[in-house]
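Naming convention: chains lettered A, B, ... in sequence-line order (proteins, then strands); numbering from 1 in each chain. Basis for what follows: all heavy atoms, side chains included, without hydrogens, waters or symmetry-related copies.
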There are 2 protein chains.
Amino acid sequence: MADVADLAGVAISTVSRALANPGRVNAKTRAKIAAAAEKLGYTPNAMARNLRIGKSNIIMIVLPGSLHHGASQIIPQVLQSINQALIQNGYNLMIANLDRDETSERHILNLAFGGTVRGAIILSSKLPEVAGRSLAEAGLPIVSLLLDMSDASVPSVVTNDRGAVAEAARMLIARGHERFFYIAGPSDNYHDIERFSGLVDAFHETGLDPASITRSGGVLSYQHGFEAGKHAVEDFTQLAVKPTAVIAESDDMAISFISGVQARGWRIPEDLSVISFDGSPVCEYCHPPLSTIEQPVEVMGKTAVEILMQRMSEGADEVPTRMIIPSRLIMRKSVGPAAKANNSC
Amino acid sequence: MADVADLAGVAISTVSRALANPGRVNAKTRAKIAAAAEKLGYTPNAMARNLRIGKSNIIMIVLPGSLHHGASQIIPQVLQSINQALIQNGYNLMIANLDRDETSERHILNLAFGGTVRGAIILSSKLPEVAGRSLAEAGLPIVSLLLDMSDASVPSVVTNDRGAVAEAARMLIARGHERFFYIAGPSDNYHDIERFSGLVDAFHETGLDPASITRSGGVLSYQHGFEAGKHAVEDFTQLAVKPTAVIAESDDMAISFISGVQARGWRIPEDLSVISFDGSPVCEYCHPPLSTIEQPVEVMGKTAVEILMQRMSEGADEVPTRMIIPSRLIMRKSVGPAAKANNSC
DNA sequence: TACTTATTGGCAATCGTTTGCCAAAACTTT
DNA sequence: AAAGTTTTGGCAAACGATTGCCAATAAGTA
């Protein structure tokens, strides 16, 4: 920096001011300084700057390892949109994996308490905590994405899981479906609870008996969305009275489920209608094209960043604690009218 | 840190030594210090440390925006494995997007020259450079993943694209296929060149005439793998003499292609055999299950990190410049013997 | 006990910025 | 030309750690 000052013929403090606080220095000198910096190939040292400022410009995204792994088709989109939004605001994105082991929790806490990161976007249902320290007390702004954690007073950006599933279920009920098969991810999970509730809601609204909903899954982790679907095929096969409609908690589950039941002779949508959640692009090319509830992940990512920025700048209090971005039901060929006689194969 | 020293009843320099250089301090005092730190909830400030040390502990992964977007199913796996390997070595992963605009290139260079990152793993075919500065001159260790850049003297971890496609092609040729349809991603791209060459190799080996290979695509960006497949359907339909075998550069392309041709009456594998590249999990559940060339992305990620670590520690010269991790051909129902009479539909 | 070795204490410089302070210089405006 | 305003210079103290140096103390060995 001293070199730049020399070359530009100005004082070192002026250079600093020009770079960090451009308003307080004349446009002409600023140009001179920029030229000198360019010529010397000078880039201010970010760590020194952040140390002095007392804040980092890195945001971390906390991903449950299982989500990351193989399964969920939406992670890349989430990362992409968040990263773009962050960069526009002058921030960088760091990845933090939250596995089931204590090491990873500790690691995340170190990032937070050690000042490496300035804020966090989490996709996990619980805040990492170990040895009495919790992410909540790190003094960082946090935003939860996909999962509603507004109860724990962390602002959340979610979709209308419950309502969207209810809508899908009503659509199926309107076509004559009365017996449903629900393929769940890990139970107790926010998504499981909300989405399943949506299905039950629709039953209540339409006067059907929720007892004719069969649940499958709930034990396996997200890590194996496809596995969960496969497993559901077994469950389905063993039912004495077959449901005519299926709602799956993720596209992956639906895809492997469909593959399995088709192999055993059921036809979709003639024997069985299927709708799933996520809106992965691949659904359009499934056999038959798969109806899915599309989460607007890009909008959600951008919104999460916006909220984070608000939290970081002004008084933290007047920001909304929950932001609901509605999903969109995309109807495709995997849905048809309920089969009249539902015989086993 | 001073507080910790007080509580532990030791000098501040001893605390620093205990944390940064544990070998030079007695186990008992180390335990005392650890206890004090735990009690006070103290975490050393990473930025201060890195500033003093002169090196960051952050590695960035440079992803072409297009790769990231929607399409490639393997990105999450790559990120996951790289991040895990990095953390084990005490590093963190930062995401850097390389779009077509100059802003993103400049941003990446700032990360490098500003000392934010210590090294880079790139999935892009070209090193970012703008205004005379190039990533190559930033003095960072760089490793290229998926794309071979060993010509540009950046160590690369790749798979045997060419050989793997050749193997797949031989397998098809052995089943009587003689006319091939190749669905390409963006042309000039490393993957396009290598994989297509593999196909041509197989033709030469077996004495067939490469003229009976029809290429499709090559214009669209990766961003639309599914689109490329759709587009290929058009091309395919217009061929007077239909090929009997298809090789696609990515699973996405194959999936949408299959969906399209099936809708127009062709049957797979009876009329057309298909093999694609990537090994996405979803292939297993396609209709029919899709044969694919599985890239060992996890191993590749770990290997890339290992090489990076070597580059960062010792003399940089004796590390291998290219590491080839072989892919595995997974044969599924999408492949069958060549149709005898190949009539149009 | 005397001597060697291992471990700690205290001090101060350093990493590369930012920033408050005040004086000096350079412009603008009456 | 005088007064007022904006812009710069120079200085020095931070930010929170690490580390070389040497003296001082503790532990281990003969």
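Per the geometry, CZ belonging to A/Arg49 stands 16 Å off P belonging to D/dG16, to the nearest Å. In this structure, A/Phe113 atom CZ and D/dA17 atom P are separated by 14 Å, rounded to whole Å. Atom-to-atom, CE of B/Met47 to P of C/dT17 comes out at 14 Å; the value is rounded to the nearest Å. As a whole-Å value, the separation of B/Asn26 CG from C/dG9 P is 11 Å. The CD1-C1' distance, from A/Ile33 to D/dT7, rounds to 11 Å in whole Å. The distance from atom NZ of B/Lys32 to atom P of C/dT8 is 8 Å, rounded to the nearest whole Å. Atom C1' of nucleotide D/dA17 and atom CG of B/Asn57 are separated by 14 Å, given to the nearest angstrom. Rounded to an integer number of Å, the gap from B/Arg30 CZ to C/dA6 P is 15 Å.
Here B/Tyr42 reaches the OP1 or OP2 of D/dA17: one of its side-chain N or O atoms lies under 4.0 Å away. At D/dA17, none of the side-chain N or O atoms of B/Ser16 fall inside 4.0 Å of OP1 or OP2 (strictly under the cut-off).
In this structure B/Arg106 satisfies the salt bridge (Lys or Arg N to Asp or Glu O under 4.0 Å) test together with B/Glu102, sequence neighbours excluded.
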Protein-nucleotides 9-15 of chain D N/O pairs under 3.5 Å:
from	atom 1	to	atom 2	distance (Å)
D/dG9	OP1	A/Ala11	N	3.2
D/dG9	OP2	A/Ala11	N	2.7
D/dG9	OP2	A/Thr14	OG1	2.4
D/dG9	N7	A/Arg17	NH2	3.3
D/dG10	N7	A/Ser13	OG	3.2
D/dA14	N3	A/Arg52	NH1	3.2
D/dC15	O2	A/Arg52	N	3.4

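Because its NZ or CZ atom is not both nearer than 6.0 Å to the ring centre of B/Tyr91 and within 45° of the ring axis, B/Arg118 does not count as a cation-pi partner of that residue.
Under the 3.5 Å distance criterion, the side-chain polar atoms of A/Thr303 are matched with a main-chain donor or acceptor of A/Val299. Under the 3.5 Å distance criterion, the side-chain polar atoms of A/Asn89 are matched with a main-chain donor or acceptor of A/Ala85.
Looking at B/Tyr42 and B/Asp3, their side chains never come closer than 4.5 Å, going by heavy atoms from C-beta outward. Side-chain atoms of B/Leu123 and B/Ile75, non-hydrogen and from C-beta on, do get closer than 4.5 Å to each other.
A salt bridge links B/Glu105 to B/Lys126: one of the charged nitrogens lies within less than 4.0 Å of a carboxylate oxygen.
B/Ile53 contributes atom CD1, which lies 9.5 Å from atom CE of A/Met47 (distance to the nearest 0.5 angstrom).
Of the residues in residues 134-141 of chain B, not one comes within less than 4.0 Å of DNA chain C through any heavy atom.
Using modelled atom types and a 3.5 Å distance limit, the side chains of B/Asn92 and A/His107 yield a donor-acceptor pair.
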